[in-house]
Peer 1: 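One structure coming up, written as structure tokens, with questions to follow.
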Protein chains: 2
Amino acid sequence: MVQKKQNARRGGGPAGDRGPALKGVRRSLQVLEYIALNPGRATDVAAGLNVSWATLHRTLSELEQGGFVTREADTNRYSIGARMWFIGTAYLAGHKMLEAAQPYLDDAAEGGDYTVQLVERSGRLAVTLYSYQTAGEVITKSTYGYHFPLHCGSKGQVLLAYCEAEDIDEYLNGPLESLTPETVTQPKALRQRLKEIKAQGYALTIGDVQQFTGSLSAPVFDRAHQAVGAVCFITKRSALRDAAVVEAMLETLLRTAQSTSLALGWRPGG
Amino acid sequence: MVQKKQNARRGGGPAGDRGPALKGVRRSLQVLEYIALNPGRATDVAAGLNVSWATLHRTLSELEQGGFVTREADTNRYSIGARMWFIGTAYLAGHKMLEAAQPYLDDAAEGGDYTVQLVERSGRLAVTLYSYQTAGEVITKSTYGYHFPLHCGSKGQVLLAYCEAEDIDEYLNGPLESLTPETVTQPKALRQRLKEIKAQGYALTIGDVQQFTGSLSAPVFDRAHQAVGAVCFITKRSALRDAAVVEAMLETLLRTAQSTSLALGWRPGG
DNA sequence: GCGCTTTATCCGATATACGGATACGTTGTT
DNA sequence: AACAACGTATCCGTATATCGGATAAAGCGC
């Protein structure tokens, strides 16, 4: 049998690399995330992720068997399974910010006629941790399960505005999707907006996520003065035309956000 | 080139088995679920799952790098990460039963002074898909992220009652945890309860999940007359002492559950 | 300061997953 | 209706990524 020479290093590489680690694990989670974003048929997933069909098939079968994805019997379309929901919800149990914010969010929700959300950044998206919508059906889609890119909506923009400069650069270099005709997608314009937002301490956008709504968001800080999330109020587009309404919402918003920050150990100044 | 004989089977085995498939994938998800249930230190996870430390360490590192688990910097404790929440929430988007139930759940929530939930079975647990709690702080813990074994609470019992007989057997053979002193854990007694529940079409339990609350649940059926979920009303223990209150809740409950079933294509009879 | 537990990294053997090829099933088109 | 095209399922040899024992470093309690 031919013994391979110790390490047949390929010229150039700085050595070391022991090859990609845990390929299977990484791939399976990529698949899950891909399906979360665009549920659909197996081949589409394979194409979207550049994975050989055979491999993908095995992966999906395994995931399906575990209940991590479900496949619609007749159409062969895959989507996220119940077990993922179960695992995912564990994220909220013991989430410091959520726990800290809850009472204030409830207060805010009782007081006003708008949807109250607590959001957080995850990668290039603003994810909703909590949403309380009072009566008025302002949000069309199921509250959870809809997360938006950071450059869309006041909540995302707030989260982005308080990121490190290089983080912002990186984000703006990525693809900037447009959700409505009013979504701002020019990096330059966005940069300007972010600067303004950081200067004034909150954000207001109208119609850039859904044309008929607008929102108002303020950052939540932790004890290290890091922006770790945002409180967001969403309401009908028309309501935000009225300066008095905006003023009132803004006051509650800033109070809610600050109360939460305080509960997280943040202190003014510094 | 030497052609291998068709199948060079290894003597003894009934042929077929090509060894465990996708070990890594399976393990990583096991780890995630384990952490969802008991967040904690790496060694505990290794012990709990009987995985060698080296392997577990690699797995956790990979998961952490991807944001699927987070590790508390100072204490080295692991818990579910934001990305899992993101993926998990995708389960709700486009969930047929949830979509069908939503309007009725909202109605029910507006009308009464109790928490309204929609639940579903996942393995040995009843998981909450939706929860609407009106003012009264009846539920202590964060609404999501707390799922209970099927034998605890009316919701679980309803889900269990409508399972196949062998499913029930299997469940009752497993470990039956006790959440409060009032939790019923005798298989025999449970079997009796399940029979009653199925006979009357709903379940009422008091104090077997939390001592100071009780709940009332009814099943939701799909077009194939399969029980696919349950609607559950939770309220203060004392309220359920009043027969008139129970009667009123029950009416709404059954109406809500039936409306949902109808929206799913179920039809009476059969 | 000293043991003990927990965490991090190394490395060779070998079992495991990859992916091309092949076969089957299903959908849509002329 | 028959064909074409696409999507799905499965097989198998080989290369290689993964496993886990061992070793080293870092925390932690006493």
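Every chain is numbered from 1, with letters handed out A, B, ... down the list of sequences.
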Peer 1: Between residues 62-69 of chain B and DNA chain D, which residues have a heavy-atom gap below 4.0 Å?
Peer 2: none
Peer 1: Applying side chain to side chain contact (heavy atoms under 4.5 Å, CB included), name anything that partners A:Ala54, two or more places apart in sequence or on another chain.
Peer 2: A:Ser52, A:Arg58
Peer 1: For A:Leu150 and A:Leu160, which heavy atoms make the closest approach, and how far apart are they?
Peer 2: CD1-CD1, 4.0 Å
Peer 1: Report yes if the distance between the aromatic ring centroids of B:Tyr91 and A:Phe86 is under 6.0 Å, otherwise no.
Peer 2: no
Peer 1: Do any of residues 36-50 of chain B sit with a heavy atom less than 4.0 Å from DNA chain C, and if so which?
Peer 2: B:Arg41, B:Ala42, B:Thr43
Peer 1: Contact class for A:Arg77 vs. all strands (heavy atom < 4.0 Å): base, sugar-phosphate, or nothing?
Peer 2: nothing
Peer 1: Calculate the interatomic distance between B:Asn76 atom CG and D:dA26 atom C1'; express it in whole Å.
Peer 2: 10 Å
Peer 1: With rounding to the nearest 0.5 Å, note down the distance linking CH2 in A:Trp85 to OG1 in B:Thr128.
Peer 2: 8.5 Å
Peer 1: Kindly assign one of parallel, tilted or perpendicular to the pair B:Trp53 and B:His57, based on the angle between their ring planes and the thresholds 30° and 60°.
Peer 2: tilted
Peer 1: For B:Leu159 and B:Glu120, work out which heavy atoms get closest and say how close.
Peer 2: CD1-C, 3.6 Å
Peer 1: Within this structure, what is the CG-to-P distance between B:Leu22 and C:dG19, rounded to whole angstrom?
Peer 2: 12 Å
Peer 1: Could you give me the CA-CA distance, side-chain angles and deciding distance for B:Val228 and B:Arg223, then say whether side-chain contact (heavy atoms from CB on, under 4.5 Å) is met?
Peer 2: CA-CA 10 Å; B:Val228 290; B:Arg223 63 166 21 98; over 6 Å; no
Peer 1: Anything under 3.5 Å between a protein N or O and an N or O of nucleotides 20-25 of chain D, put it in a table, one pair a line.
Peer 2:
from: D:dG20; atom 1: OP2; to: B:Thr55; atom 2: OG1; distance (Å): 2.9
from: D:dG20; atom 1: N7; to: B:Arg58; atom 2: NH2; distance (Å): 2.9

Peer 1: Please compare A:Asp74 and A:Thr59 by the position of their nearest nucleotide in DNA chain C and report the one closer to 5'.
Peer 2: A:Thr59
Peer 1: Just by distance, with hydrogens left out, do B:Arg27 and B:Thr55 show a side-chain donor and acceptor under 3.5 Å apart?
Peer 2: no
Peer 1: What are the two closest heavy atoms between A:Ala36 and A:Ile80, and how far apart are they?
Peer 2: CA-CG1, 3.7 Å
Peer 1: Measure CZ/A:Arg26 against P/C:dC18 and give the value in whole Å, please.
Peer 2: 13 Å
Peer 1: Enumerate the side-chain hydrogen bond (donor to acceptor under 3.5 Å, both in side chains) contacts for residues 35-44 of chain B, please, sequence neighbours excluded, ordered by first and then second residue.
Peer 2: B:Arg41-B:Asp44
Peer 1: Got a sec, which residues hit side chain to side chain contact (heavy atoms under 4.5 Å, CB included) with B:Pro149, two or more places apart in sequence or on another chain?
Peer 2: B:Leu125, B:His151, B:Cys152, B:Tyr171, B:Glu177, B:Leu179
Peer 1: Quick one: on DNA chain D, does A:Arg71 or A:Val25 contact a more 5' nucleotide (nearest heavy atom)?
Peer 2: A:Arg71
Peer 1: Compare side-chain N and O positions of B:His57 against OP1 and OP2 of C:dT7 and report whether any pair is under 4.0 Å apart.
Peer 2: no
